[in-house]
Amino acid sequence: MASGVKVTDEVVAVFNDMKVRKAQANEDEKRRRKKAILFCMSKDLKNIVLDDGKEILLGDLGKIQDPYQHFVKMLPQDDCRYALYDATYETKETKKEDLVFIFWAPDSAPLKSKMIYASSKDAIKRKFEGIKHEWQVNGLEDLKDRHTLAEKLGGSSVVSLEGTMNS
C-alpha cells in the first residue's frame, strides 16, 4: 500500500553520497562521509526527511568507541525511523562495506506511526537503488546483538563486524 509520501532530494543526495565511495576522496571528504543516518517523517507526514543531528560521520569514529552501539542509541525508543548504516565487516575471504537499510518500528511506537512508516517504506526503498541488505527491527533486543546484523550481511561467513570479532 503506497502512502503518497515523497522522499526529499536531500535524503536521496545523502544516500547517493553514502553509496558512492570515492577512491580519490581527500581526508576532509572522508571525515564528512556518513557512517549512519536516520530519516523520519516530516511534521505534516507528507515527506521523508533527514532526522536532524541523527548521524555518525566517519570523522567522528575516533571519538566514538563503538559506532554500532552509538547508532543503536540514536534510535528513538517510542517512534519509527528509517536508517542507513554503512557496515564494515570481514568475511573469511575479504573485508567489505555494505549499506544496510533499516526500518525501525519498535513495539512501543504508536500504531498510527507504525502504519505510516510501513506504508511509506516502498517510497524510500525505490529511491535507494542497489541496497543489498534490508532489516526490519521491532525492538532493541533485535539490535543489541551485532550477530543479528552480521547474519543479515553474510551469515556464518562474517568473522567480524565493525572490528569486533563474531564469536
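Numbers for residues simply follow the sequence, beginning at 1. For the numbers below, each heavy atom of this structure counts, side chains included, while hydrogens, waters and symmetry mates do not. In this text, all values refer to a predicted model and were calculated from it rather than measured experimentally.
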A.B. asks: Please report the shortest heavy-atom distance between Q136 and N138, naming the atom on each side.
C.D. replies: NE2-ND2, 3.5 Å
A.B. asks: Mind listing the closest non-hydrogen atom pair of G139 and V137 along with its distance?
C.D. replies: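 In this case the closest contact between G139 and V137 is O-CG1, 3.4 Å.
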A.B. asks: Hydrophobic clusters here meaning ILVMFWY residues chained together by side-chain heavy-atom distances under 4.5 Å, can you tell me if L61 and F71 are in one?
C.D. replies: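 Hydrophobic grouping puts L61 with F71.
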A.B. asks: Could you check if a side-chain atom of Y85 sits within less than 4.5 angstrom of a side-chain atom of K35, using non-hydrogen atoms only?
C.D. replies: yes
A.B. asks: Heavy atoms, side chains only, cut-off 4.5 Å: are T91 and L153 in contact?
C.D. replies: no
A.B. asks: Between atom CG of D98 and atom NZ of K132, what is the distance when rounded to the nearest 0.5 Å?
C.D. replies: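 The distance works out to 4.0 Å.
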A.B. asks: Check whether more than 12 heavy atoms from other residues, nucleotides or ligands sit under 6.0 Å from atom NZ of K6, and answer yes or no.
C.D. replies: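 Counting neighbours around NZ of K6, 12 or fewer heavy atoms of other residues, nucleotides or ligands fall under 6.0 Å, so no.
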A.B. asks: How many angstroms lie between OG in S157 and CD in E151, if you round to the nearest 0.5 Å?
C.D. replies: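 Here the interatomic distance stands at 11.0 Å.
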A.B. asks: NZ/K92 to OG/S160 distance, rounded to the nearest 0.5 angstrom?
C.D. replies: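 One gets 12.0 Å once the value is rounded to the nearest 0.5 Å.
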A.B. asks: Using only atom types and a distance under 3.5 Å, with no angle test, would you say the side chain of R33 pairs donor to acceptor with the backbone of G59?
C.D. replies: no
A.B. asks: Atom CD1 of I37 and atom NZ of K54: how far apart are they, to the nearest 0.5 Å?
C.D. replies: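 Between atom CD1 of I37 and atom NZ of K54 there are 12.0 Å.
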A.B. asks: Tell me the closest heavy-atom pair linking A87 and L161, and the distance in Å.
C.D. replies: CB-CD1, 4.2 Å
A.B. asks: Report the C-alpha separation of K34 and L84 in whole Å, then their side-chain angles, then the decisive distance to 0.1 Å, and conclude whether the side chain to side chain contact (heavy atoms under 4.5 Å, CB included) test is met.
C.D. replies: CA-CA 9 Å; K34 290 171 184 13; L84 281 175; over 6 Å; no
A.B. asks: Does M18 belong to the same Ile/Leu/Val/Met/Phe/Trp/Tyr cluster as L57, with side-chain heavy atoms less than 4.5 Å apart forming each link?
C.D. replies: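 In one cluster with M18: L57, no.
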A.B. asks: A side-chain contact here means heavy atoms from C-beta on lying under 4.5 Å apart; do W104 and L140 qualify?
C.D. replies: yes
A.B. asks: Is the closest side-chain donor-acceptor distance between T148 and D142 under 3.5 Å?
C.D. replies: no
A.B. asks: Evaluate whether atom CD of E10 has more than 12 neighbouring non-hydrogen atoms of other residues, nucleotides or ligands under 6.0 angstrom away.
C.D. replies: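 No, CD of E10 has 12 or fewer neighbouring heavy atoms, counting only those of other groups under 6.0 Å.
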A.B. asks: For a 4.5 angstrom cut-off between non-hydrogen side-chain atoms, does K125 reach F101?
C.D. replies: yes
A.B. asks: Go through the steps for F15 and I131 under the test side chain to side chain contact (heavy atoms under 4.5 Å, CB included), then give the verdict.
C.D. replies: CA-CA 10 Å; F15 167 70; I131 290 275; 3.6 Å; yes
A.B. asks: Does any N or O in the side chain of Y68 come within less than 3.5 Å of the main-chain N or O of L143, such that one atom is a donor and the other an acceptor?
C.D. replies: yes
A.B. asks: Looking at Q65, I'd like to know if its CD atom is crowded, meaning that more than 12 non-hydrogen atoms belonging to other residues, nucleotides or ligands lie closer than 6.0 Å.
C.D. replies: no
A.B. asks: Output the distance between atom CE (M74) and atom CD1 (I56), rounded to the nearest 0.5 Å.
C.D. replies: 4.5 Å
A.B. asks: So how far is it from T8 OG1 to K127 NZ, rounded to the nearest 0.5 Å?
C.D. replies: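 The distance works out to 10.0 Å.
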A.B. asks: Taking C-beta and beyond as the side chain, do L99 and K19 meet within less than 4.5 Å on heavy atoms?
C.D. replies: yes
A.B. asks: On the 0 to 90° scale, with breaks at 30° and 60°, tag the Y117-Y82 ring pair as parallel, tilted or perpendicular.
C.D. replies: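 Plane angle between 30° and 60°, so tilted.
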A.B. asks: Carefully, step by step, assess M41 and I48 under the rule side chain to side chain contact (heavy atoms under 4.5 Å, CB included).
C.D. replies: CA-CA 5 Å; M41 302 303 283; I48 297 171; 3.9 Å; yes
A.B. asks: Linking I/L/V/M/F/W/Y whenever any side-chain heavy atoms sit under 4.5 Å apart, do I116 and V49 land together?
C.D. replies: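 No.
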A.B. asks: Taking all atoms of both residues into account, what is the closest heavy-atom pair of L50 and V11, and its distance?
C.D. replies: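 Minimum heavy-atom contact is N-CG2, 3.8 Å.
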A.B. asks: Around atom CD of E97, are there more than 12 heavy atoms of other residues, nucleotides or ligands at under 6.0 Å?
C.D. replies: yes
A.B. asks: Between T88 and K95, is any pair of side-chain heavy atoms under 4.5 Å apart?
C.D. replies: no
A.B. asks: Checking ring-ring contact (aromatic ring centres under 6.0 Å, His included) for the pair F128/F39: CA distance, chi angles, key distance, verdict?
C.D. replies: CA-CA 13 Å; F128 290 177; F39 308 101; 5.7 Å; yes
A.B. asks: Ignoring hydrogens, what is the shortest heavy-atom contact between S108 and D78? Give both atom names and the distance.
C.D. replies: OG-CA, 3.8 Å
A.B. asks: Who are the ring-ring contact (aromatic ring centres under 6.0 Å, His included) partners of Y89, not counting sequence neighbours?
C.D. replies: none
A.B. asks: Where do A109 and C80 come nearest, in terms of heavy atoms and distance?
C.D. replies: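 A109 and C80 have their closest heavy atoms at CB-SG, 3.9 Å.
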